[in-house]
Engineer: 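This is the structure I want to talk about, given as structure tokens.
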There are 2 protein chains.
Amino acid sequence: MNLKELARELGLSKTTISRALNGFPEVNEETRVRVEQAARKFGYAPNTSARRLATGRVGAAGIVLPGHLSDRYSAQTVEYVSGLAEGLAAAKIDLLMSPLLNGDEMAIYRRWISSKSVDAVILTDPVHSDPRIRLFVEKKFPFVLHGSTDVDLPYAWLDIDNEDAYRQATSYLLDLGHKEIAIIEGLAGFTFTEDRQRGYVETLTGRGLEPRSDFIVHDRFTTEAGFRATSRLLSMSPRPTALIVGSMMSTVGVYQAIRSNGWEVGREVSVIAHDDVFPYLSATDMVPVLTTTRSSVRLAGLKIAEMLVSILDGKDAPSLSVKWPVELIVRQSTAPPRT
Amino acid sequence: MNLKELARELGLSKTTISRALNGFPEVNEETRVRVEQAARKFGYAPNTSARRLATGRVGAAGIVLPGHLSDRYSAQTVEYVSGLAEGLAAAKIDLLMSPLLNGDEMAIYRRWISSKSVDAVILTDPVHSDPRIRLFVEKKFPFVLHGSTDVDLPYAWLDIDNEDAYRQATSYLLDLGHKEIAIIEGLAGFTFTEDRQRGYVETLTGRGLEPRSDFIVHDRFTTEAGFRATSRLLSMSPRPTALIVGSMMSTVGVYQAIRSNGWEVGREVSVIAHDDVFPYLSATDMVPVLTTTRSSVRLAGLKIAEMLVSILDGKDAPSLSVKWPVELIVRQSTAPPRT
DNA sequence: CCGAAATTTCAAACCGGTATGAATCTTTCC
DNA sequence: GGAAAGATTCATACCGGTTTGAAATTTCGG
């Protein structure tokens, strides 16, 4: 059932039907009711492609799924994406995903732009002077960045205060008396990794301590990497008495490694992790319950969706940018170092 | 830059350009080269909406993201979805996701069908006599089901042999000498849950043992649920000496609970888990390394994408259906019960 | 009761591609 | 040399909506 058929059925013109269903004011109330009933009766819904072509609005936002390589988000992607999808759905915007098959991320974006496949895109995991930003700014194509960069162009972004999170975590451990603190962080190159590292390093130097480069680990956020890094760190001497871990997934491996060393978390080794808040892996189910810096990645997705909708509504993009604070939640995986 | 402009630029008709770019045989090779060069030079890509409208093919498959409630897949969804997306991308098909906001999943499908928003859909997590199947079969709308049902209609599905997986796991534990075996499974109602439970129950009764209903736990696949269930089970008397756990996420909680009880996995309590194979949470990083029934959910997604493409190419859907075997991989979390 | 204004409806153009059948240009062959 | 066959190209009709500007109808004031 298409518009023309429905029009014939009702003895009205396509125009009137279209307006009736789209809530235009210039249509008789009685007619509108009649049209709506008929539409429901015949199960009519406007053809998406046709409407898109006519309006020039696609009603979809695109996101490129990080491939196997950069799996920073693999564990948290669901949460993030479903936050995004939820926020976009509220504005009747679909979420189109494209996997990164052979590494040509820029090519995907270029195609999306020139073929008008999406109205806007969402970028994640920026690196320093991320080339994607320039592309979209130059093409004047709407987008929001999850994270932040040092690119000197006007655009919209949302980031959490990674630097401050690590400053808080490091300070807290120092206050407990720890001197040997290691961090198990994400892959080098990403700004979030560097922001966190800066928070850690500057807090140490601010207290007159010299950061040790072998106490800084960069790896993927997997249980395996967490396990491996921890095993290695604990075999050093002097060994770290406290660890700051960049993700909950790594932390599962960290806990296992500490235990397999015959030690106990919160006694021989203190642990603070950054928690993106997953429904399926909670800091309070760890034994002992885990001290975290917490920030919900789902809420970030939701907020980014709202920002995108604002931008599509014509709001000024750069002025929407925000940096969210992160809170340190002290639980039982942290304690003064044992002497 | 659109087709008409490019045509004027080249002094050719729209038809010729369209055919040149789409690889039709009746266009002069020299012309084709010229067109392709111009298209590249001007960055021309056909407008997606227009092409969709003209061809009647959308080039997108839809999937409804399970909401907060049914989070069976939350941890594995990324893997599954990126497998899907990868398989579909190979056939230039986009993946459109819609979150389940207020529970009207059927309404989303109905709208997709009548508005031709997608060419096909992917269904997951079926329940008994799942109403979605009938909808799509009746509307003759292409789809593939991940899982299986007892609906007596012809359609395409892919499932893993859950029943056999649990039969293998149960048998193995019985062979080791365990008599008190509990299972920590997914939410009741889903066929995968019931298939697994059947494999477990029938194996027990086949060996002359009476299944205990209080040794069968149904809950969400989260560390929290795993932790809670295990704590409760271990406080019973007689307590189970072995656990079969439905997901890796739950298993993280299970391990924690066993440890917080002062016990050791693979000594006081044996554990077998079903592993969907996540890059970020591996059975071999658990301490002790975890015995599993293994089946990659990413590969399942990939295969389902291929099935969908075949169906869109006109292949007979029902004949594509497959049930994948599951292999038991014995590691160190299982041992004879201690007497 | 008539003309003007307001309300409601309509025919046709348009969005930007693809597909059809005809038109034009080449080549082949008797 | 000219007709037939083959190779290219083209004008035009779609696809199914939205939008514009005009037409038809109703309402209202004097």
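Within every chain, numbering begins at 1; the chains are lettered A, B, ... in the order of the sequence lines, protein sequences first and strands thereafter. All figures in this text were calculated on a predicted structure; none of them were measured in a lab. For the numbers below, each heavy atom of this structure counts, side chains included, while hydrogens, waters and symmetry mates do not.
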Engineer: Nearest whole angstrom, please: distance from the P of C:dA19 to the CG of B:Leu21.
Structural biologist: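 In whole Å, C:dA19 P and B:Leu21 CG are 13 Å from each other.
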Engineer: Figure out the CZ/C1' separation between A:Phe24 and D:dG17, and round it to whole Å.
Structural biologist: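 After rounding, the gap between these two atoms is 12 Å.
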Engineer: In this structure, how many angstroms lie between the C1' atom of D:dG16 and the CG atom of A:Asn47, rounded?
Structural biologist: 6 Å
Engineer: When you look at B:Ser13 and B:Thr16, which way does the side-chain hydrogen bond (donor to acceptor under 3.5 Å, both in side chains) test go after all the steps?
Structural biologist: CA-CA 5 Å; B:Ser13 72; B:Thr16 303; 3.2 Å; yes
Engineer: Please figure out whether B:Ala54 or A:Ala54 has its closest DNA chain C nucleotide nearer the 5' end.
Structural biologist: A:Ala54
Engineer: Is the shortest heavy-atom distance from the side chain of B:Arg51 to the side chain of B:Arg57 under 4.5 Å?
Structural biologist: no
Engineer: Determine which pairs satisfy salt bridge (Lys or Arg N to Asp or Glu O under 4.0 Å) with at least one residue from residues 105-120 of chain B, sequence neighbours left out, and list them in order.
Structural biologist: B:Glu105-B:Arg132
Engineer: Identify, with sequence neighbours excluded, every residue that meets side-chain contact (heavy atoms from CB on, under 4.5 Å) alongside B:Glu30.
Structural biologist: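 So B:Glu30 forms a side-chain contact (heavy atoms from CB on, under 4.5 Å) with B:Asn28.
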Engineer: Starting from the first five and the last five pairs of the helix from C:dC1-D:dG30 to C:dC30-D:dG1, work out the angle between the resulting helix axes, to 10 degrees.
Structural biologist: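 Roughly 50° between the end axes, to the nearest 10°.
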Engineer: What pairs meet the salt bridge (Lys or Arg N to Asp or Glu O under 4.0 Å) rule with one or both residues in residues 1-25 of chain A, with sequence neighbours excluded?
Structural biologist: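 Only A:Arg19-A:Glu26 qualify under salt bridge (Lys or Arg N to Asp or Glu O under 4.0 Å).
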Engineer: Can you measure from CG (A:Leu145) to OG (A:Ser321) and round to the nearest 0.5 angstrom?
Structural biologist: 8.5 Å
Engineer: What do you reckon, are the aromatic ring centroids of A:Phe136 and A:Tyr155 less than 6.0 Å apart?
Structural biologist: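 No.
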Engineer: Could you name each residue pair satisfying salt bridge (Lys or Arg N to Asp or Glu O under 4.0 Å) that touches residues 134-148 of chain B, not counting sequence neighbours?
Structural biologist: B:Arg134-B:Glu138
Engineer: Give the residues of residues 28-43 of chain B touching DNA chain D, defined as any heavy atom closer than 4.0 Å, sorted by residue number.
Structural biologist: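 By residue number: B:Asn28, B:Thr31.
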Engineer: Reckon B:Thr55 has a side-chain N or O less than 4.0 Å from the OP1 or OP2 of C:dT18?
Structural biologist: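 Answer no for this pair, as no side-chain N or O of B:Thr55 is under 4.0 Å from OP1 or OP2.
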Engineer: B:Leu135 and B:Tyr109: which non-hydrogen atoms are nearest, and at how many Å?
Structural biologist: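 Nearest heavy atoms, B:Leu135 then B:Tyr109: CD2-CB, 3.8 Å.
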Engineer: Given D:dT9, D:dC15, D:dT18, identify the nucleotide with an atom nearest to the side chain of B:Arg19.
Structural biologist: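 The answer is D:dT9, which lies nearest to the side chain.
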Engineer: Where along residues 2-15 of chain B does a heavy atom come under 4.0 Å from DNA chain C, residue by residue in number order?
Structural biologist: B:Asn2, B:Leu3, B:Lys14, B:Thr15
Engineer: Under 4.0 Å: is that the gap between some side-chain N or O of A:Asn22 and OP1 or OP2 of D:dT18?
Structural biologist: yes
Engineer: Applying salt bridge (Lys or Arg N to Asp or Glu O under 4.0 Å), which residue pairs with at least one partner in residues 33-45 of chain B are found, sequence neighbours left out?
Structural biologist: none
Engineer: Check the interface with nucleotides 22-24 of chain C: list each N/O to N/O pair with the protein under 3.5 Å, or write none.
Structural biologist:
none

Engineer: Tell me the interatomic distance from A:Leu53, atom CG, to D:dC14, atom P, rounded to whole angstroms.
Structural biologist: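 To the nearest whole Å, that distance equals 17 Å.
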Engineer: Regarding A:Arg52, tell me which of base, sugar-phosphate or nothing describes its non-hydrogen contacts under 4.0 Å with the strands shown.
Structural biologist: nothing
Engineer: Check the distance between D:dA24's C1' and A:Glu26's CD and give it to me in whole angstrom.
Structural biologist: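 My rounded result for the distance is 15 Å.
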Engineer: Using side-chain hydrogen bond (donor to acceptor under 3.5 Å, both in side chains) as the criterion, list what pairs up with B:Ser49, not counting sequence neighbours.
Structural biologist: none
Engineer: Just so I know, are the side chains of B:Val35 and B:Tyr44 near enough to count as touching, which here means a heavy-atom distance under 4.5 Å?
Structural biologist: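 No, side chains not in contact.
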Engineer: Excluding sequence neighbours, so at least two apart, what forms side-chain contact (heavy atoms from CB on, under 4.5 Å) with A:Ile311?
Structural biologist: A:Pro142, A:Val144, A:Ala156, A:Ala317, A:Leu320
Engineer: Within the structure, does a side-chain N or O atom of A:Tyr44 lie under 4.0 Å from either OP1 or OP2 of D:dG16?
Structural biologist: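 So the side chain of A:Tyr44 is outside the cut-off, no N or O lying under 4.0 Å from OP1 or OP2 of D:dG16.
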Engineer: In whole angstrom, what separates B:Arg57's CZ from C:dA19's P?
Structural biologist: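 Distance check: B:Arg57 CZ to C:dA19 P gives 12 Å.
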Engineer: Tell me every residue that passes side-chain contact (heavy atoms from CB on, under 4.5 Å) with B:Asp150, counting only those two or more places apart in sequence or in another chain.
Structural biologist: B:His128, B:Ser129
